[in-house]
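Because only heavy atoms are used, hydrogens play no part in the values below, and waters and symmetry mates are left out as well, while side chains stay in. Counting starts at 1 for both ligands and their atoms, in listed order.
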Amino acid sequence: MKKSVSNILLSVDRIVITGGSSGIGAALLQQLGTLSPDFKFCNLSRSSAENSSLSDRLISIPCDLSDEESSQRALEECREWLKREDRGGKILLINNSGFGGYGVFPAPSTERNLSMIDVNVAGPLRVTGFLAEELKKSKGAVINIASTASFQPTPYLSTYGATKAFLMHWSLGLAQEWKADGVQVLCVCPGPTETAFFKEAGFKDAPLKKGSGQTADEVAEITLKAFSKGKSLVTCGVANKIVAAAAGKLPKTWVTWIAATIMRRLRLERYQD
Ligand SMILES: NC(=O)c1ccc[n+]([C@@H]2O[C@H](COP(=O)([O-])OP(=O)(O)OC[C@H]3O[C@@H](n4cnc5c(N)ncnc54)[C@H](OP(=O)(O)O)[C@@H]3O)[C@@H](O)[C@H]2O)c1
């Protein structure tokens, strides 16, 4: 993996990531950090990205993507950082921040659902739009972390699934639009992954049977492999690929019914105190 990834990443010098403070984002930071000592990292999230092996190559700019003012301030600071660290290489932007919420709409609250749209939808748009000129000038790349929830409606996680469907469609469109500018765009669709995601979504524990999900490290590895191959879409893992393909073949109402049956079984209270 290392060799093929380094070929395409050879000319990257600056990496901007959202949500590098935890889970998949932290795993991506860790793996990218070992690929080249020349990469410089800028993390945008509410808490700092802690990674001792990257200490002098990583800065964290506080950024709440659900807040327009906080995002704008952070992005202006990020732009200054990009100028300061410019060694003539490409910029890689990873839109990874996101969260979900399990329940019957509007639970947990309409505000929380709106905030989800801000972080999962408006967030990637705002960051990518703000850095569009820099990305095109450096012939850089964008990686968007969507989900297998992109492929069908996800009752009890309805808003979340809809945000990820948006992200996947937008990402695939962008991949075509920015091809002429030499900017590669990859959309990544992980299935259930062992991170803080489920706690954030309202569960005490991840509702995963032992070994049924993937680790953040596995998702990060699949992401970097797909990126190195120049792909515009990757679904993480064989089982997720099969489910995503089946979802595409069946009528939307059937898939929604099946998804509702599966999601209902998760029953939040079984995973809470
Ligand atoms: N875990 C899964 O099963 C799974 C499956 C498919 C897709 N995904 C997607 O993978 C991505 C990463 O999630 P994860 O699984 O690694 O979960 P995680 O460990 O909870 O990480 C979520 C990241 O999003 C950031 N974030 C949340 N709210 C934010 C805000 N208002 N402003 C800025 N950043 C914010 C968090 O940083 P701060 O808290 O520091 O702000 C954190 O770094 C998400 O987009 C998620 O939808 C996850």
Side-chain angles (χ1 to χ4, degrees), residues 16-31 41-51 58 60-75 78 94-102 111-127 143-152 154 157 159-168 170-171 186-203 205-209 212-220 222-223 234-237 239-240 243-244 263 266 271:
V16 177
I17 186 166
T18 68
S21 57
S22 165
I24 295 168
L28 280 166
L29 274 181
Q30 179 61 31
Q31 290 187 23
F41 299 92
C42 174
N43 172 62
L44 304 171
S45 54
R46 292 165 304 175
S47 46
S48 298
E50 306 292 345
N51 188 315
L58 165 67
S60 268
I61 301 174
C63 174
D64 182 350
L65 288 170
S66 68
D67 182 284
E68 196 179 334
E69 223 179 285
S70 163
S71 303
Q72 188 65 22
R73 209 177 317 117
L75 284 169
C78 178
I94 306 175
N95 288 306
N96 162 73
S97 280
F99 71 90
Y102 185 88
E111 283 64 37
R112 181 85 172 147
N113 279 275
L114 285 168
S115 177
M116 208 182 289
I117 293 173
D118 287 338
V119 176
N120 300 5
V121 173
L125 242 83
R126 191 188 304 284
V127 178
I143 297 177
N144 292 317
I145 308 295
S147 167
T148 46
S150 309
F151 295 107
Q152 72 287 302
T154 53
L157 273 170
T159 306
Y160 176 72
T163 65
K164 292 298 179 178
F166 172 92
L167 189 58
M168 182 180 74
W170 178 70
S171 197
L186 166 67
C187 177
V188 182
C189 293
T193 308
E194 294 162 36
T195 66
F197 174 86
F198 292 101
K199 209 167 194 176
E200 197 61 28
F203 294 90
D205 298 309
L208 299 172
K209 288 194 195 97
S212 66
Q214 289 186 304
T215 63
D217 272 336
E218 285 167 338
V219 170
I222 290 167
T223 299
V234 64
T235 304
C236 302
N240 292 324
V243 172
M263 298 301 286
L266 292 181
Y271 300 95

Is the shortest side-chain heavy-atom distance between Leu65 and Leu44 below 4.5 Å?
no
Have a look at Ile143 and tell me which of Val188, Ile17, Val234, Asn95 forms a side-chain contact (heavy atoms from CB on, under 4.5 Å) with it.
Val188
Of Asn240, Thr235, Ile222, Val219, which meets side-chain contact (heavy atoms from CB on, under 4.5 Å) against Pro190?
Val219
How many angstroms lie between CG in Asn144 and NZ in Lys164, if you round to the nearest 0.5 Å?
9.0 Å
Under 3.5 Å: donor-acceptor pair, side chain of Ser60, backbone of Ala49
yes
Given Asn113, Asn120, Thr154, the one that forms side chain to side chain donor-acceptor pair (under 3.5 Å) with Thr159:
Asn113
Please output the residues near ligand 1 using a strict heavy-atom distance under 4.0 Å, listed in chain and residue-number order.
Gly19, Ser21, Ser22, Gly23, Ile24, Ser45, Arg46, Ser47, Cys63, Asp64, Leu65, Ser66, Asn96, Ser97, Gly98, Val119, Ile145, Ala146, Ser147, Tyr160, Lys164, Pro190, Gly191, Pro192, Thr193, Thr195, Ala196, Phe197, Phe198
